[in-house]
Amino acid sequence: MNDVIQKIKIGALSVENPFFDSLRESYGHDEFNNWLMTKREEDAYVLRDEDKLLGFLYLKDETEETMSITPSFEYKRRLKIGTFKIDAHRTVLGQRFLSIILRKMLNEDFDFTYVTLFESQSGLIKLFNKFGFKQWGYKDNGELVLYKDLEVSDDIYKDFPRINIIREKQNHLLGIYPKYHTKLFPDSILTTERDHVVEDLSFTNTNEKIYLTKIKNVNNMNVGDIIVIYRTGEWGKSAEYSAVATSLCTVVEIKNIFDFNSLEDFLSYCGKGTIFTEKELIEFWRNKCYPYIVKMLYNVPLSKRIIRKDLIQKVGIERSAYAGYMLLTDDQLNRVLEIGEVDESFIIN
């Protein structure tokens with residue numbers, strides 16, 4: 001299976017694809033099919049396993065007033081989550097699509113996004129609530145209307161993907177070997193040029209990343225701390241130019257492998273957000289070689305890689321400091337944000 005979400009024309013999909021059957025049941029067979037046909041020249045985000053659809057997302061940039069919702073919407077620009085459906089058995093897929101929605105909201109200067117869902121869609125409603133969506137009201141057909149604006153809640157999930165740099169926190173640089181970084185963090189955005197946004201659709205696993213390490217200093221991390229992800233140098237190349245800062249994350253939790261009472265508990269905690277296979281995790285459990293577990297939210301990639309040379313000369317990290325982990329000052333973090341050309345809409349300050 002190609003595990004990358006793609007942006008395609010809706011017309012490239014079969015109207016009668018059985019993936020849409022539940023939507024036809026909810027909205028009416030002919031009504032839904034006719035709607036899909038009228039959107040055939042518009043874009044949708046999909047995840048497919050060959051011809052089998054596993055996820056579908058259609059977003060609309062709308063500027064209008066809406067009387068079919070109570071309370072009604074006044075005339076203004078909004079990002080409408082028009083149609084969103086995922087395979088019910090792929091529980092982490094919803095987070096991946098939600099990342100696309102929320103990053104698009106910020107990248108394209110929306111201050112309001114909303115979705116309508118039937119109350120029977122309890123799993124999706126729970127997911128949207130976790131990431132800051134609140135109830136607005138109801139649509140005339142009985143659907144629940146959830147919305148998200150740019151109000152700051154001081155909750156790392158509800159504010160996602162924005163990073164709060166004014167809360168009491170520490171900043172850390174965490175080094176990750178290239179072979180693990182490639183799996184854990186997408187690279188597509190890192191090839192963008194100045195002032196040109198390319199959508200990052202290669203999210204792996206979920207927004208909640210699990211990383212196992214033997215670096216004891218990660219115990220310095222606390223909930224809400226900011227992590228600058230540093231991909232260490234490539235084999236046979238100078239670290240001055242091949243080692244780069246790539247992404248920004250927020251600490252969710254730090255655990256120790258000895259915190260788990262059983263292998264089952266350990267696998268349940270690590271299984272959905274890690275790049276390691278179950279076989280590898282079982283081996284880690286047995287030999288306890290990577291006892292420290294970092295759970296983090298992947299907020300935003302840097303639009304411009306920062307090579308080690310610039311981290312030293314422009315950001316101000318010590319050349320002799322251990323590249324696997326180091327503390328960063330607020331001033332150093334601000335330089336990373338500036339040199340990495342992070343869109344200001346992603347920063348709460």
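In what follows, every heavy atom counts, from backbone to side chain, and hydrogens, waters and symmetry copies are set aside.
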Verify the cluster assignment for [X] and [Y]: are they in a single hydrophobic cluster under the rule of side-chain heavy atoms below 4.5 Å apart?
{"X": "M221", "Y": "F258", "value": "yes"}
{"X": "V251", "Y": "Y211", "value": "yes"}
{"X": "L23", "Y": "L54", "value": "no"}
{"X": "F133", "Y": "L106", "value": "yes"}
{"X": "L184", "Y": "F276", "value": "yes"}

Would you say [X] and [Y] make side-chain contact, with heavy atoms under 4.5 Å?
{"X": "T113", "Y": "I81", "result": "yes"}
{"X": "D43", "Y": "I8", "result": "no"}
{"X": "K148", "Y": "L102", "result": "yes"}
{"X": "R96", "Y": "N207", "result": "no"}
{"X": "I317", "Y": "L328", "result": "yes"}
{"X": "E143", "Y": "Y138", "result": "no"}
{"X": "F185", "Y": "R231", "result": "no"}
{"X": "I176", "Y": "Y230", "result": "no"}

Measure from the ring center of [X] to the ring center of [Y] and say whether it is less than 6.0 Å.
{"X": "F160", "Y": "F346", "result": "no"}
{"X": "Y45", "Y": "F56", "result": "no"}
{"X": "F260", "Y": "Y269", "result": "yes"}
{"X": "F73", "Y": "W136", "result": "yes"}
{"X": "Y114", "Y": "Y147", "result": "no"}

Worksheet item: Which residues satisfy the side chain to side chain donor-acceptor pair (under 3.5 Å) test with E151, sequence neighbours excluded?
Response: K134
Worksheet item: What residues, two or more places apart in sequence or in another chain, satisfy side chain to side chain donor-acceptor pair (under 3.5 Å) together with E278?
Response: none
Is [Y] paired with [X] through a side-chain N to carboxylate O contact shorter than 4.0 Å?
{"X": "R335", "Y": "E338", "answer": "no"}
{"X": "E240", "Y": "R319", "answer": "yes"}
{"X": "K169", "Y": "D330", "answer": "yes"}
{"X": "R24", "Y": "D21", "answer": "yes"}
{"X": "D111", "Y": "K76", "answer": "yes"}

Shortest non-hydrogen contact from [X] to [Y]?
{"X": "D159", "Y": "D154", "value": "OD2-N, 3.0 Å"}
{"X": "N299", "Y": "L297", "value": "OD1-O, 3.0 Å"}
{"X": "K139", "Y": "V145", "value": "N-CG2, 3.7 Å"}
{"X": "D225", "Y": "N220", "value": "OD2-O, 4.1 Å"}
{"X": "C270", "Y": "I210", "value": "SG-CG2, 4.1 Å"}
{"X": "L281", "Y": "F266", "value": "O-CE2, 3.3 Å"}

Between the main-chain N or O of [Y] and the side-chain N or O of [X], is there a donor-acceptor pair closer than 3.5 Å?
{"X": "T70", "Y": "S72", "result": "no"}
{"X": "R40", "Y": "M37", "result": "yes"}
{"X": "Q313", "Y": "D310", "result": "no"}
{"X": "E41", "Y": "G11", "result": "no"}
{"X": "T329", "Y": "Q332", "result": "yes"}

Worksheet item: What do the steps show when you test K130 against E208 for salt bridge (Lys or Arg N to Asp or Glu O under 4.0 Å), and what is the final call?
Response: CA-CA 12 Å; K130 179 177 181 178; E208 296 173 313; 3.0 Å; yes
To the nearest 0.5 Å, tell me how far [X] [atom1] sits from [Y] [atom2].
{"X": "L59", "Y": "K7", "atom1": "CG", "atom2": "NZ", "answer": "9.5 Å"}
{"X": "N222", "Y": "I254", "atom1": "CG", "atom2": "CD1", "answer": "8.5 Å"}
{"X": "I312", "Y": "E318", "atom1": "CD1", "atom2": "CD", "answer": "9.0 Å"}
{"X": "L127", "Y": "F97", "atom1": "CG", "atom2": "CZ", "answer": "12.0 Å"}
{"X": "R78", "Y": "E62", "atom1": "CZ", "atom2": "CD", "answer": "6.0 Å"}
{"X": "L98", "Y": "L93", "atom1": "CG", "atom2": "CG", "answer": "11.0 Å"}

Worksheet entry | Verdict with reasoning, D343 to R162, per salt bridge (Lys or Arg N to Asp or Glu O under 4.0 Å) | CA-CA 10 Å; D343 190 315; R162 293 180 294 168; over 6 Å; no
Practice prompt. Tell me, with the steps shown, if N129 and Q135 meet side chain to side chain donor-acceptor pair (under 3.5 Å).
Written response: CA-CA 9 Å; N129 287 158; Q135 183 172 344; over 6 Å; no
Worksheet item: Which residue pairs satisfy the side chain to side chain donor-acceptor pair (under 3.5 Å) criterion with at least one member in residues 287-296, sequence neighbours excluded?
Response: E283-N287
Practice prompt. Check whether the side chains of N349 and E344 place a donor and an acceptor atom closer than 3.5 Å, and report yes or no.
Written response: no
Worksheet item: Within a radius of less than 6.0 Å around NZ of K255, do more than 12 heavy atoms belonging to other residues, nucleotides or ligands occur?
Response: yes
Worksheet entry | V152 and K158: CA distance, side-chain angles, deciding distance, side-chain contact (heavy atoms from CB on, under 4.5 Å) verdict | CA-CA 8 Å; V152 176; K158 289 180 168 54; over 6 Å; no
Item to complete: Could you check I347 against L337 for side-chain contact (heavy atoms from CB on, under 4.5 Å), going step by step and ending with a plain yes or no?
Response: CA-CA 9 Å; I347 306 301; L337 299 177; 3.9 Å; yes
